[in-house]
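Take a look at the structure below.
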Protein chains: 2
Amino acid sequence: MVRAVPDTHGEILAAAARQFTVTGYRGTSLQDIAREVGCSKATVLYHFANKEALLAELMAPAIEVLRSLDDQLNGLTGAAAQEVAAQGFVDLAVRFRQEIAVLRGEFPELLCQPAFAHIQQISDRLRDALAGHSDRPGARIAALVLLAGISEACAEFVDIPDDELRPALLTLARRAVEPVDAPLPHPPTTEDKDC
Amino acid sequence: MVRAVPDTHGEILAAAARQFTVTGYRGTSLQDIAREVGCSKATVLYHFANKEALLAELMAPAIEVLRSLDDQLNGLTGAAAQEVAAQGFVDLAVRFRQEIAVLRGEFPELLCQPAFAHIQQISDRLRDALAGHSDRPGARIAALVLLAGISEACAEFVDIPDDELRPALLTLARRAVEPVDAPLPHPPTTEDKDC
DNA sequence: TCAGGGTCTGACCGATCGGTCAGGCATGCT
DNA sequence: AGCATGCCTGACCGATCGGTCAGACCCTGA
């Protein structure tokens with residue numbers, strides 16, 4: 001195990017991920033992160049422009065995958081959209097469990113930051129697809145319950161291996177989602193809310 | 001509409017509830033609450049010992065109902081426990097939407113406060129009942145997804161009337177929960193986690 | 001040998017946080 | 001009139017926050 005290059009950048013990133021998971025973004029100070037890494041707070045701010053940039057770099061891979069799922073969903077309707085949305089989101093959630101745990105709870109405030117400007121709309125479209133683009137309250141409610149619940153489950157069940165968690169969630173999603181009979185084209189609704 | 005007594009206490013409570021819902025407990029300062037009420041920060045701290053006491057009084061009714069549901073669940077097993085848990089929690093979640101929205105996200109940290117010491121164990125038992133006291137990962141996962149998802153849905157769909165939200169959630173819960181075939185007695189497992 | 005760039009740090013900044021405290025100001029009882 | 005009580009406030013406190021900055025340290029290439 002050669003440790004030629006210290007890779008402080010990566011260590012800060014990893015420490016921040018751990019701390020954010022436990023105490024949340026707001027609840028974790030740059031001092032806390034520096035202490036865990038074993039460097040000064042100034043060093044953290046040398047490697048990252050500010051606290052928000054740290055979070056953005058931490059979430060970047062997950063957001064990229066979410067964005068590609070959104071592309072995949074574009075144009076699909078009805079049951080096909082439901083299946084792709086369910087499968088895609090379960091995969092994503094299981095894979096990026098830690099990132100989801102980081103965002104957990106501070107979602108509403110964090111979404112207001114410019115780095116996460118788009119993911120509210122993406123998750124709205126994802127929810128819409130999972131509801132089969134239906135306007136029925138039952139379908140919309142089921143879709144939200146599923147997305148939120150799956151996120152929470154992935155953040156909480158850190159001890160369950162991916163291969164066990166993924167099929168369980170997918171089965172649940174397929175059972176819980178309201179089936180759509182006739183696939184009718186429907187523009188995705190993006191309900192913006194003031195931030 | 002006579003306004004003989006100003007009832008500052010109640011106004012502070014109501015303002016705090018609104019602010020906590022939007023910006024979270026941590027994200028809301030006593031100054032923010034005082035500003036909305038139209039009094040000084042010192043007045044807020046005259047009516048409430050500290051910020052935590054304000055939150056505790058805000059959550060008290062919801063916690064009381066949760067506790068009584070826990071009593072109701074005590075001794076029930078199998079499908080009976082599942083049905084009572086589902087119905088009881090949906091009722092509770094719909095009724096105390098705002099309180100749930102307040103807690104949303106800051107759950108893990110807030111549970112460490114003495115005022116909320118017991119509700120982690122209660123929610124563990126509730127989840128266990130909803131899973132039909134089964135050890136199967138699928139059942140445990142489904143129960144968690146449901147509890148977390150229902151909470152989130154209630155916090156988010158503030159515009160949907162109770163009478164519409166409640167049956168939709170209950171139908172979803174019954175469809176999503178894993179049916180238990182043979183009701184077997186099983187002691188509730190309380191998995192404590194370090195805070 | 002020296003210059004320069006990358007890395008890191010302690011000291012410091014203004015802002016804001018939750019909370020304390022002495023005192024002002026009504027009201028009502030004696 | 002005098003006094004006690006309840007309600008409220010401005011001024012202030014120590015702690016902590018995210019962020020800045022000048023300079024120390026080390027390595028490397030000329």
Side-chain angles (χ1 to χ4, degrees), chain A residues 2-59 102-103 105-106 109-116, chain B residues 2-59 102-103 105-106 109-116:
Chain A
V2 192
R3 183 77 163 274
V5 181
D7 186 29
T8 311
H9 190 93
E11 283 182 23
I12 292 173
L13 219 47
R18 281 190 295 270
Q19 299 256 7
F20 288 164
T21 304
V22 178
T23 37
Y25 176 73
R26 259 222 186 78
T28 303
S29 70
L30 297 177
Q31 197 72 259
D32 293 333
I33 298 169
R35 195 181 301 120
E36 180 170 331
V37 173
C39 68
S40 73
K41 189 181 68 171
T43 299
V44 174
L45 287 163
Y46 167 76
H47 285 278
F48 300 89
N50 47 41
K51 195 183 179 186
E52 184 185 338
L54 211 180
L55 177 67
E57 187 167 328
L58 204 59
M59 304 299 301
V102 167
L103 250 60
E106 285 160 313
E109 302 104 48
L110 290 179
L111 287 185
C112 299
Q113 301 191 173
F116 308 111
Chain B
V2 191
R3 183 78 164 275
V5 182
D7 186 28
T8 312
H9 190 93
E11 282 183 23
I12 292 172
L13 219 46
R18 281 190 295 270
Q19 299 257 7
F20 288 165
T21 304
V22 178
T23 37
Y25 176 73
R26 259 219 186 82
T28 302
S29 70
L30 297 178
Q31 197 72 257
D32 294 332
I33 298 169
R35 194 180 302 120
E36 180 171 333
V37 173
C39 67
S40 72
K41 188 180 70 171
T43 300
V44 175
L45 287 163
Y46 168 77
H47 285 278
F48 300 90
N50 48 42
K51 196 182 178 185
E52 184 185 338
L54 211 179
L55 178 66
E57 187 166 326
L58 204 59
M59 304 298 302
V102 168
L103 251 59
E106 284 160 311
E109 303 104 47
L110 291 179
L111 287 185
C112 298
Q113 299 191 175
F116 308 111

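- Between B:H47 and D:dG6 there is no side-chain polar atom (N or O) within less than 4.0 angstrom of OP1 or OP2.
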Below 3.5 Å is the cut-off: list the nitrogen or oxygen pairs between protein and nucleotides 16-22 of chain C, distance only.
from   : atom 1 : to    : atom 2 : distance (Å)
C:dC17 : OP1    : B:S29 : OG     : 3.4
C:dG18 : OP1    : B:K51 : NZ     : 2.7
C:dG18 : OP2    : B:L30 : N      : 3.0
C:dG18 : N7     : B:K41 : NZ     : 3.0
C:dG18 : O6     : B:K41 : NZ     : 3.4
C:dG19 : OP2    : B:K51 : N      : 2.8
C:dG19 : N7     : B:K41 : NZ     : 3.3
C:dG19 : O6     : B:K41 : NZ     : 2.7

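- Applying the 4.0 Å criterion to OP1 and OP2 of C:dT9, one finds that A:S40 has a side-chain N or O inside that range.
- Put simply, CZ on A:F48 is 15 Å from C1' on C:dC8, counting in whole angstrom units.
- Taking all atoms of both residues into account, the shortest heavy-atom contact from A:V44 to A:I12 is CA-CD1, 3.8 Å.
- The phosphate of C:dT7 (OP1 or OP2) has no side-chain N or O of A:T8 nearer than 4.0 angstrom.
- B:Q31 contributes atom CD, which lies 8.5 Å from atom OG of B:S40 (distance to the nearest 0.5 angstrom).
- In this structure, CD1 on B:I33 lies 13.5 Å from CD on B:E11, to the nearest 0.5 angstrom.
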CA sep, side-chain torsions, deciding dist, call: B:T21, B:Q19, side chain to side chain contact (heavy atoms under 4.5 Å, CB included): CA-CA 5 Å; B:T21 304; B:Q19 299 257 7; over 6 Å; no
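- At least one side-chain nitrogen or oxygen of B:Y46 sits closer than 4.0 Å to the OP1 or OP2 atom of D:dC7.
- Counting heavy atoms from C-beta on, the side chains of A:E52 and A:F116 never come closer than 4.5 Å.
- For the pair A:K51 (side chain) and A:T28 (backbone), a donor-acceptor distance under 3.5 Å is present.
- Atom CG in A:D7 sits about 11 Å away from atom P in C:dT7, given to the nearest Å.
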